[in-house]
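To keep things clear, I will list the structure first and then write my remarks on it.
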Amino acid sequence: LSRFTVKILGSSSATPTSARNPSAQLVNCDEKLILIDCGEGTQIQLRRMKVKLNRINYILISHLHGDHFFGLIGLISTMNLYGRTEELMVYSPKGMMEIIEIQLLASQTVLQFPLKFNVIDPNEGFIELFEEKSFNVFSFPLVHRIETCGFLIREKDRPLKLRKERIESLDIPLDKFLEIKNGANYLQPDGKIIPNSHLTYPPVKPRSYAYCSDTRYCEDIVEYLMNVDLLYHESTFMQSEYEIAHEKYHSTAVEAAKIAKLANAGKLLLGHYSARYKDLLPLLEEARAIFPESFLSFEGMNIDIEVREQNINRE
Ligand SMILES: [Zn+2]
Ligand SMILES: [Zn+2]
């Protein structure tokens, strides 16, 4: 299987703590690097974790609250100083381009690489942002004080897997392999049809990762998240602070767990913690009471996205 990992660069909400940075994550999907959010200090976190900055292909910014983008100008400047020449694509709600342009202008920075901005309009609902050879990236609206997007990275369907021993025993020629992998039956020279199900295993299920930060509890997003393998959902507060969470358009760990359960997620990753919590275990316990496969994200954490079920036995 190709690589599909999430690296946590920052797990704090609005204000950083001595142990936690503001929001940023690095997703490696089939060796393409996608940075999701870029809070202050993200480039330092990337350096600490030995990521080559200029390997980053895409940047997705969920919304224009400072804890999600204040690190962007610094990262872009450093990429430039490192001699980047490849295009960099930034996806975000409207306003990001203007913010970066004025900073480049004021600091008289001339970029040596093409920097492109794609504006996401969250009112458009669930939309595809781009595709790569083996995966697609989508955005969907969250419920926050300003326009905010969630993101979904989903691998494409894979072809069927050939049952080698049966292919060999039937002496099927090599030039038929591709169509069989794509679902075709095999017509033998004697006219007998061998059904595809006899010749193949089902493909490995495509994996997916969803990022939901920042947002108030909202069941409308569940339809975009159904069966996601790994769900990151903000959990700024404990349930005792439920009213503050609601008022500030954030979620509690319990609410994150409810969304994970409704969406039948494989695993839930908590994050975007309020700086008021030194010890995060109580948040985890609250989430696990509802959704046992809950985990705390922390700086430096690396998560492999795993295939959940694999039906190898057919017939
Ligand atoms: Zn935030
Ligand atoms: Zn926010």
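These values consider heavy atoms only, across backbone and side chains, with no hydrogens, waters or symmetry-generated copies. All of these numbers come straight from a predicted model, not from anything done at the bench. One-based numbering, in listed order, for ligands and for the atoms of each.
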If we count only N and O atoms by modelled type, under 3.5 Å, do the side chains of Asp30 and Ser134 hold a donor and an acceptor together? yes
Just say parallel, tilted or perpendicular for the rings of Phe126 and Tyr224, cut-offs at 30° and 60°. parallel
Specify whether His144 and His63 have parallel, tilted or perpendicular ring planes, treating 30° as the upper limit for parallel and 60° as the lower limit for perpendicular. perpendicular
Would Phe298 and Leu284 show up in the same hydrophobic cluster when neighbours are defined by side-chain heavy atoms closer than 4.5 Å? no
For the Zn ion (ligand 2), find the closest N/O/S atom belonging to His63 and write down its atom name. NE2
Which single N/O/S atom of Asp67 lies at minimum distance from the Zn ion (ligand 1)? OD2
Verify salt bridge (charged side-chain N to carboxylate O under 4.0 Å, His left out) between Glu31 and Arg55, making sure each step is shown before the conclusion. CA-CA 9 Å; Glu31 300 311 323; Arg55 273 204 59 204; 3.4 Å; yes
Which N/O/S atom belongs to His65 and is the closest one to the Zn ion (ligand 2)? ND1
Measuring from the Zn ion (ligand 2), name the closest N, O or S atom belonging to Asp214. OD2
For the Zn ion (ligand 2), give me the closest N/O/S atom belonging to His144, just the atom name. NE2
Under 2.8 Å from the Zn ion (ligand 1) - does any N, O or S atom of His68 fall there? yes
Side-chain heavy atoms of Phe151 within contact of Tyr209, under 4.5 Å: no
Tell me whether the Zn ion (ligand 1) has His272 as a neighbour, meaning an N, O or S atom of it below 2.8 Å. yes
